[in-house]
Peer 1: 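I am attaching a structure below and will ask some questions about it afterwards.
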Amino acid sequence: MAAPVDKVDLQARRRAAKIIHEKFKGVLKDVLSGKPPRLIIPKRTLANTRFDPEKGILVMGEDVIERELLNMGEARRFMQTLLMASIIYQALIENEYPTIRDLYYRGKHTIVYRDLKGRLREENTWDEQSESDAVIRDVEVFTGLLREDMLILSKEKGKVVGRMKIRSGGDVIDLSKMGHGAYAIESTPDLIEFLEVDAEFVLVVEKDAVFQQLHRAKFWDKYKAILVTGAGQPDRATRRFVRRLNEELGLPIYILTDSDPYGWYIYSVFKVGSIQLSYESERLATPKARFLGVSMTDIFGYRSKKPYLSERERRNFIIKAKDVDIRRAKELMKYSWFQTPKWRRELRIFLQRKAKLEIEALASKGLRFLAEKYIPEKIETGDWTE
Amino acid sequence: MPRRRRDTATAKAVVAEAPPRGRRQRSKETYREISVAEFFAKNRELAGFSNPTRALYQTVRELVENALDATDTHSILPVISIRIAYDEELEAKYGNPKKWFRITVEDNGIGVPPTVIANAFGRVLFSSKYVIRQTRGMYGLGVKAAVLYGQMTAGRPVEVVSSMQESDYVYLRRLYIDVSKNEPKIVEKGQWRKKGRWHGTRVTITLEGDWPRARSRIIEYIKRTAVIAPYAEIYFETPDGEIYVFPRLTSKMPAPPKEAKPHPHGIDLDQMKMLIKRSNARTLLQLLSNELQSVGTIMARKFLEEIGLDPNLDPKKLDNDSLVKLVDSMKSYKFRAPKSDHLSPIGEELIKIGLKRMFKPEWVDALTRPPRAYQGHSFIVEVGIAYGGGIEARNEPLLLRYANKIPLLYEEREDVTYKVVSGINWKIYRVDFPAPLVVLVHIASTKIPYKGVGKESISEVPEIESEIRIAVQHVARKLRVYLGKKAREAEARRKIITISKYIPEIARSLAILSKPPTKWNPPSEKDEKILVDALVRLVSRNVEVPKVPGLDHSDPEKIVRSVIENIKLE
């Protein structure tokens, strides 16, 4: 595949390929000089994940694993890591955009070897895609390159509309002229160039349906905003895109989710990163992201703050929290980035009331209430949680 | 067939006739002396003849053991043939097909003197010389019990054909046992001049039996006999016409047991009385130092003086109290341990040969422990362990128990051997059940401490138990060494394969990764080959290379290459 490639793309490819080549030079040197080769890879475990309060994100600890070819338990993974790296490397050089599924198929073949009794035996380089996906993560942490950096595609999930123009793959796209649709945030968000920006903030909504409603109400136009959704648990590209909006354009990021522990965790993923994959946080997390709502105080009020919901609405809209919600909330209370006074108050109220609320409940009060009162009022009065 | 056995029971037994019920009848109880033969006829389960199944098994066993005693005990390489056949004559007579059997066992032993045949087969507890040594038989009633059982169920006499080595004649006797008199009743006699040099004995007993039920035990019994007598040639023909042949594997035989005098620790009051009766000793001193083992004149004098008996006393004039005192004191006095040359262990080599033939194991070893004694009886424990190969994996060890070379098949769980073997933590020895493990335990003794009258299990005598444990653990430790080595080799094989098989894949990947991103051109076959060679060198030099049959061990690279020779990189 030799598609015409633009400059940004080409630069990204060269950079990634060079890093991979350099990283594996050591293995090559060892093999040629007769020294048992090993890969030193940062440990991708929960135990090796910590919160860096200075950066405000989850980072990997210092623990590493040494993956040695001559260790029986590691030989297979050693082979897989080299195999995966070589496929990615070749794809970068040959201007391809493999998906993780492509990588799985390209690397999957059968090794037919002989045992010591002379019988032929078979083994696949990998069997399930989950196996090759794990190897991709190993290559990421070993090289320090994210899959986006290595131009590996995944399913597009995030969407964006708003008052800005971008360039992608050589085309200029006006995100304010998407009709009822939206621009799908591409798997390689670093190849996007920001052109003209006429927005004052970014609103990230958890739910695709709410995104569509706000989009049709031209919320982003009226309030000079960029509207983003990750459609549930955000993918890496959406998170990287949001991070860039914040970091490169200095736009404040407001996150709107359901009022429940699951919604709060989505906020947490945008803000500090995912606990399982802390190595990506460095480039994907947005430590300055703000939780706009829906907060417990929006529902129940607090001191002088009046609730957005009447007694009657509360009775109709509130859902009783389940045991699993309670457990999750208690889990969140342990995380240091949920230790601010405002978050502690949120979680305390939740555990007292054992009540949760879906954001659609606010929309059902009337879309105008959500778009023209609730959101702007909260932003204006600084009623967010950090 | 001269069986040299020790009398341990008096020749007569006294039983009470069942008294009529009622309080006043007590004084009218009458006692009648019955013959030993009659006693055993009425209590045949005591000798193992409780039902047609056991009777068939027990008869084969008695005859085979007699046959072996007549051969290997006298340094003759045994040739033994066993034939069980349906007796068609009786079938025609009584109906009940497949119920009547003729059991014929023939050996090439020393033969039975013609004058002795009648008593040897027709008088219960007929005794031979008063000595102690290890033989297979027990009280000298086994074969007679079989004869009795045969005549009681099938009504046929036992038929004995025998010739001694030095004799020119072959003798035939057909006889019953007169139960009330405990006497042989000969119904047919014959003798012929020998044409060849045959010697030995052929015994035929006809009886009621149950072949389908006895079948597996009898076959097992014969197999297990063959295991510890690999120097014997054994033929076995079943009523269904199956033939089992166990050829001789070695002409090496265990040394025959020597006769020995009783040891003072093992003697009881009755034996002492008999000893005095038969002995020519004029004084107590002579009696002790001449008739007992491990007792010299000095020792005897010291002992007698200590217990306050005059060494010059005529033993025949001892009163009962002194006799009890003598026997009782002897048991606790510190005499030298009993000698063991009257024991005949099988020996490590024969155990190994026998186990190898029967199980075709991948590993076998055996141990004969030094002689030990319990209560004045010497004994030797021998253990053989076989592992793997043709042995079927089971959830516990297959246990082969022997007492004085007799396989014990029944009452396994009652046996001290089972207690010891099942109590061993086999994991320590790298045996993980289910495992292909056979444990053979032989106890040779002048007196086997059987648990019950069935003589199928051995009591938990502490000295014996401890010897068995020591012996099993000793051989098991060798097994552990073997299994450890095997596991390490298997590990080495797994390792070399696990690593080697990835060499081509790694070489190709590295070849790609080694090409700089600028001025890219795909790696050539030569690039890959250089890396394959480097990796083969690396692996073969740094990983322990196992021994592989058919491959040159001096060139580990060849072994690595043999793993990957089939792999082609597309």
Side-chain angles (χ1 to χ4, degrees), chain A residues 13-37 68-95 107 109-123 125, chain B residues 489-523 527 530-551 559-570:
Chain A
R13 285 177 188 281
R14 283 219 188 104
R15 173 181 165 268
K18 205 176 154 217
I19 289 172
I20 295 174
H21 177 70
E22 290 298 321
K23 267 298 209 182
F24 283 92
K25 254 189 181 166
V27 175
L28 181 74
K29 215 178 118 198
D30 284 349
V31 167
L32 291 176
S33 64
K35 203 177 137 201
E68 290 169 282
L69 167 64
L70 298 188
N71 182 318
M72 223 168 75
E74 296 167 4
R76 178 173 163 86
R77 200 58 179 262
F78 183 92
M79 173 278 289
Q80 290 175 332
T81 310
L82 261 68
L83 173 61
M84 181 57 83
S86 74
I87 297 167
I88 294 173
Y89 183 65
Q90 199 163 355
L92 281 171
I93 289 168
E94 293 178 352
N95 293 333
H109 38 256
T110 305
I111 300 171
V112 184
Y113 62 97
R114 259 185 219 289
D115 68 15
L116 296 183
K117 285 180 181 148
R119 287 177 301 217
L120 287 180
R121 302 205 165 259
E122 293 188 355
E123 182 182 315
T125 46
Chain B
E489 266 169 29
E491 179 76 3
R493 285 160 165 269
R494 257 206 313 282
K495 183 166 182 181
I496 199 87
I497 292 178
T498 300
I499 294 169
S500 301
K501 67 186 170 193
Y502 299 132
I503 287 178
E505 206 63 58
I506 291 171
R508 172 172 58 185
S509 302
L510 260 188
I512 293 169
L513 288 165
S514 66
K515 293 281 165 183
T518 46
K519 295 182 201 162
W520 165 259
N521 52 350
D527 296 330
I530 289 168
L531 283 165
V532 167
D533 290 348
L535 282 161
V536 167
R537 256 196 319 276
L538 182 97
V539 171
S540 57
R541 281 181 198 173
N542 289 287
V543 178
E544 185 195 346
V545 178
K547 286 182 181 163
V548 180
L551 278 173
I559 292 171
V560 175
R561 283 196 192 274
S562 76
V563 175
I564 58 171
E565 68 186 2
N566 194 65
I567 302 175
K568 286 180 192 73
L569 294 173
E570 312 104 47

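Each chain gets a letter, A, B and so on, in the order its sequence line appears, and its residues count up from 1.
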Peer 1: Take A/Leu116 and B/Val563, measure what side-chain contact (heavy atoms from CB on, under 4.5 Å) needs, and give me the verdict at the end.
Peer 2: CA-CA 7 Å; A/Leu116 296 183; B/Val563 175; 4.0 Å; yes
Peer 1: Heavy-atom distances under 4.5 Å only: say whether A/Arg76 touches chain B with side chain, backbone, both or neither.
Peer 2: both
Peer 1: Can you tell me which of B/Ile496, B/Ile506, B/Thr498 forms the most heavy-atom pairs within a distance under 4.5 Å of chain A?
Peer 2: B/Ile506
Peer 1: First locate atom CG of A/Leu82, then atom CD of B/Glu505, and finally report the distance between them rounded to the nearest 0.5 Å.
Peer 2: 10.0 Å
Peer 1: Does some side-chain heavy atom of A/Tyr89 sit less than 4.5 Å from a side-chain heavy atom of B/Pro517?
Peer 2: yes
Peer 1: Could you tell me which non-hydrogen atom of A/Leu69 sits nearest to which non-hydrogen atom of B/Leu538, and how far apart they are?
Peer 2: CD2-CD2, 4.2 Å
Peer 1: With chain A as the partner, which of B/Ala534, B/Ser500, B/Ser514, B/Ala511 has the greatest number of non-hydrogen pairs under 4.5 Å?
Peer 2: B/Ser514
Peer 1: B/Glu491 versus chain A, heavy atoms under 4.5 Å apart: side chain, backbone, both or neither?
Peer 2: both
Peer 1: With a 4.5 angstrom heavy-atom cut-off, could you sort out which part of B/Val543 is near chain A: side chain, backbone, both or neither?
Peer 2: side chain
Peer 1: As an exercise: rank A/Leu92, A/Leu83, A/Asp115 by heavy-atom pairs under 4.5 Å with chain B and give me the winner.
Peer 2: A/Leu83
Peer 1: How about CD on B/Glu489, more than 12 heavy atoms from neighbouring residues, nucleotides or ligands closer than 6.0 Å, or not?
Peer 2: yes
Peer 1: Please flag which part of A/Leu120 lies under 4.5 Å from any non-hydrogen atom of chain B: side chain, backbone, both or neither.
Peer 2: side chain
Peer 1: Could you check A/Leu28 against B/Leu531 for side-chain contact (heavy atoms from CB on, under 4.5 Å), going step by step and ending with a plain yes or no?
Peer 2: CA-CA 9 Å; A/Leu28 181 74; B/Leu531 283 165; 3.7 Å; yes
Peer 1: Side chain, backbone, both or neither: which part of B/Arg494 has a heavy atom under 4.5 Å from chain A?
Peer 2: both
Peer 1: Testing the basics here: between B/Asn542 and A/Gly34, what is the closest heavy-atom pair and its distance to 0.1 Å?
Peer 2: ND2-O, 4.2 Å
Peer 1: Roughly how far, to the nearest 0.5 Å, is CG of A/Leu70 from NZ of B/Lys495?
Peer 2: 6.5 Å
Peer 1: By a 4.5 Å heavy-atom criterion (distance strictly below it), what part of B/Pro522 contacts chain A: side chain, backbone, both, or neither?
Peer 2: neither
Peer 1: Just give me the residue among B/Leu513, B/Ile512, B/Ile530 that pairs up with chain A most often, heavy atom to heavy atom, under 4.5 Å.
Peer 2: B/Leu513
Peer 1: Among A/Lys35, A/Glu22, A/Lys25, who wins on heavy-atom pairs under 4.5 Å with chain B?
Peer 2: A/Lys35
Peer 1: Mind ranking A/Lys23, A/Gln90, A/Glu123 by heavy-atom pairs under 4.5 Å with chain B and telling me who comes out on top?
Peer 2: A/Glu123
Peer 1: Checking heavy atoms, do the side chain of A/Thr81, its backbone, both or neither come under 4.5 Å from chain B?
Peer 2: neither
Peer 1: Between B/Ile497 and chain A, which part of the residue has a heavy atom less than 4.5 Å away: side chain, backbone, both or neither?
Peer 2: side chain
Peer 1: Which one, A/Thr125, A/Ile93, A/Ile111, leads in non-hydrogen pairs under 4.5 Å with chain B?
Peer 2: A/Ile93
Peer 1: Run the numbers on A/Gln80 and B/Tyr502 for side-chain contact (heavy atoms from CB on, under 4.5 Å), then give the verdict.
Peer 2: CA-CA 9 Å; A/Gln80 290 175 332; B/Tyr502 299 132; over 6 Å; no
Peer 1: Working to the nearest 0.5 Å, report the span between NZ of B/Lys501 and CZ of A/Arg114.
Peer 2: 15.0 Å
Peer 1: Between B/Ile503 and chain A, which part of the residue has a heavy atom less than 4.5 Å away: side chain, backbone, both or neither?
Peer 2: neither
Peer 1: As an exercise, state the distance from OG1 of B/Thr518 to NZ of A/Lys18, rounded to the nearest 0.5 Å.
Peer 2: 9.0 Å
